[in-house]
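Heads up, the thing below is written out as structure tokens.
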Amino acid sequence: MGSLPPTLDLLPHKVSENTLLDLFKSQQDHLNYFFQHLSLPHTLTFTQTLLKCRGTIFFTGVGKSGFVANKISQTLISLGIKSGFLNPLDALHGDIGILSSDDILVMFSKSGNTEELLKVVPCAKAKGAYLVSVTSVEGNALAAVCDMHVHLPVERELCPFDLAPVTSTAIQMVFGDTVAIAMMGARNLTRDEYAANHPAGRIGKSLIFKVQDVMKPQKELPVCKEGDLIMDQLVELTSKGCGCLLVIDEEYHLIGTFTDGDLRRTLKASGEGIFKLTVGEMCNRSPRTIGPDAMAVEAMQKMESPPSPVQFLPVINRQNILIGIVTLHGLVSAGL
């Protein structure tokens with residue numbers, strides 16, 4: 001039989017809190033060096049060049065720089081900007097065909113001497129694309145053959161050997177995503193436009209979904225009249241999954257609400273007298289309500305507001321006619 005694995009306390013490799021703190025401080029210093037030495041005029045020219053692109057902004061890189069390039073491309077796509085990632089190896093085996101003279105190809109490389117990227121350059125130029133190199137080593141081969149060059153100053157890698165690309169890739173990410181947000185502002189992207197690009201995520205749902213999209217419709221509501229006896233409405237109170245009764249008149253105008261909490265309090269206070277009480281005598285005639293065109297996230301905020309949170313909101317139109325109910329459970333189920 002094999003021996004049991006060592007417990008965590010017996011493992012020979014440990015990291016102290018002070019070591020971690022020193023590393024974070026060092027990384028912060030390296031990033032500050034980048035911010036202090038980055039050329040804003042060059043960055044502005046780069047940003048304006050991307051904004052003027054009539055075609056697609058493609059990004060490429062090898063290894064970790066490739067992952068960063070892909071991520072920045074995805075950021076632009078999420079902002080509604082035509083972008084894509086071009087794998088340099090695949091580009092040399094047919095994918096270069098996607099490039100056109102209206103496109104920009106941004107090439108990320110710390111050294112600027114990456115062989116795969118240098119091989120792509122003449123092929124991309126033959127397609128008429130505008131080439132931009134984004135590198136961190138001065139006087140590199142890639143910068144010399146591209147139409148534009150942006151220098152990302154790197155003091156050194158956090159790696160004790162100054163080899164593992166951890167600071168340089170962090171700088172690439174900060175640079176690319178910051179430029180993306182600058183482009184977002186320049187294009188005057190609205191919240192609704194941004195949300196339209198994120199329909200399945202919580203961001204999009206909070207900006208797109210309205211109360212009418214998540215409410216239970218009128219036919220599923222637990223309704224009753226104010227003259228109905230409380231005890232006669234227990235099935236209605238418990239069977240619709242809302243935890244309440246919605247008290248209405250003949251024209252479906254909302255009069256008030258009666259909750260299962262109200263039922264418990266009434267039973268405790270009245271005892272057997274509850275058998276003679278009507279819903280109208282005990283209901284809340286000033287409930288919180290919301291309109292169907294309000295944002296769903298607004299409904300959640302209204303439910304959680306003082307003086308105490310509630311689990312539902314009746315939905316009424318401008319004539320105070322009850323048309324639905326939105327519940328906290330329903331909002332959570334919708335992903336909000």
Check: Can Val166 be reached from Phe24 by stepping across I, L, V, M, F, W or Y side chains whose heavy atoms are under 4.5 Å apart?
Finding: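 Unlinked, Phe24 and Val166 end up in two clusters.
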
Okay, side chain of [X], backbone of [Y]: is any donor-acceptor separation there less than 3.5 Å?
{"X": "Lys125", "Y": "Val145", "result": "yes"}
{"X": "Arg187", "Y": "Leu79", "result": "no"}
{"X": "Asp90", "Y": "Asn87", "result": "no"}

From [atom1] ([X]) to [atom2] ([Y]), nearest 0.5 Å:
{"X": "Asn140", "Y": "Asn113", "atom1": "CG", "atom2": "CG", "result": "5.5 Å"}
{"X": "Leu254", "Y": "Leu246", "atom1": "CG", "atom2": "CG", "result": "6.5 Å"}
{"X": "Thr289", "Y": "Ile325", "atom1": "OG1", "atom2": "CD1", "result": "11.5 Å"}
{"X": "Phe67", "Y": "Phe108", "atom1": "CZ", "atom2": "CZ", "result": "15.0 Å"}
{"X": "Leu221", "Y": "Ile248", "atom1": "CG", "atom2": "CD1", "result": "8.5 Å"}

Margin query: With heavy-atom distances below 4.5 Å as the criterion, would you say the side chains of Cys123 and Leu92 are in contact?
Written below: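 Yes, their side chains come closer than 4.5 Å.
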
Thinking salt bridges, do [X] and [Y] make one under a 4.0 Å N-O criterion?
{"X": "Lys240", "Y": "Glu236", "value": "yes"}
{"X": "Arg265", "Y": "Asp262", "value": "yes"}
{"X": "Arg285", "Y": "Glu226", "value": "yes"}

Check: So which of Arg156, Glu155, Glu157 actually passes side-chain hydrogen bond (donor to acceptor under 3.5 Å, both in side chains) with Ser168?
Finding: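 Output: one option passes, namely Glu157.
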
Flag if over 12 foreign heavy atoms under 6.0 Å of [atom1], [X]:
{"X": "Gln311", "atom1": "CD", "value": "no"}
{"X": "Leu189", "atom1": "CG", "value": "yes"}
{"X": "Lys302", "atom1": "NZ", "value": "yes"}

Check: Shortest non-hydrogen contact from His149 to Ser133?
Finding: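 Looking at all heavy atoms of both residues, the closest pair is CD2-OG, 2.9 Å.
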
Next item on the list: Search all heavy atoms of Val154 against all heavy atoms of Tyr33 and return the closest pair with its distance.
Entry: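 What the structure gives for the nearest pair is C-CE2, 3.9 Å.
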
Margin query: Any donor-acceptor pair under 3.5 Å linking the side-chain atoms of Asp103 with those of Ser100?
Written below: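 Note: Ser100 and Asp103 side chains meet the donor-acceptor criterion.
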
Notebook entry, point to check: Do Ser109 and Thr114 have a side chain donor and acceptor closer than 3.5 Å?
Noted result: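 Thr114 and Ser109 do have a side-chain donor-acceptor pair below 3.5 Å.
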
Note to self: Which residue in the set Val121, Val120, Val132 passes side-chain contact (heavy atoms from CB on, under 4.5 Å) when paired with Leu142?
What the structure shows: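 Passing option: Val121.
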
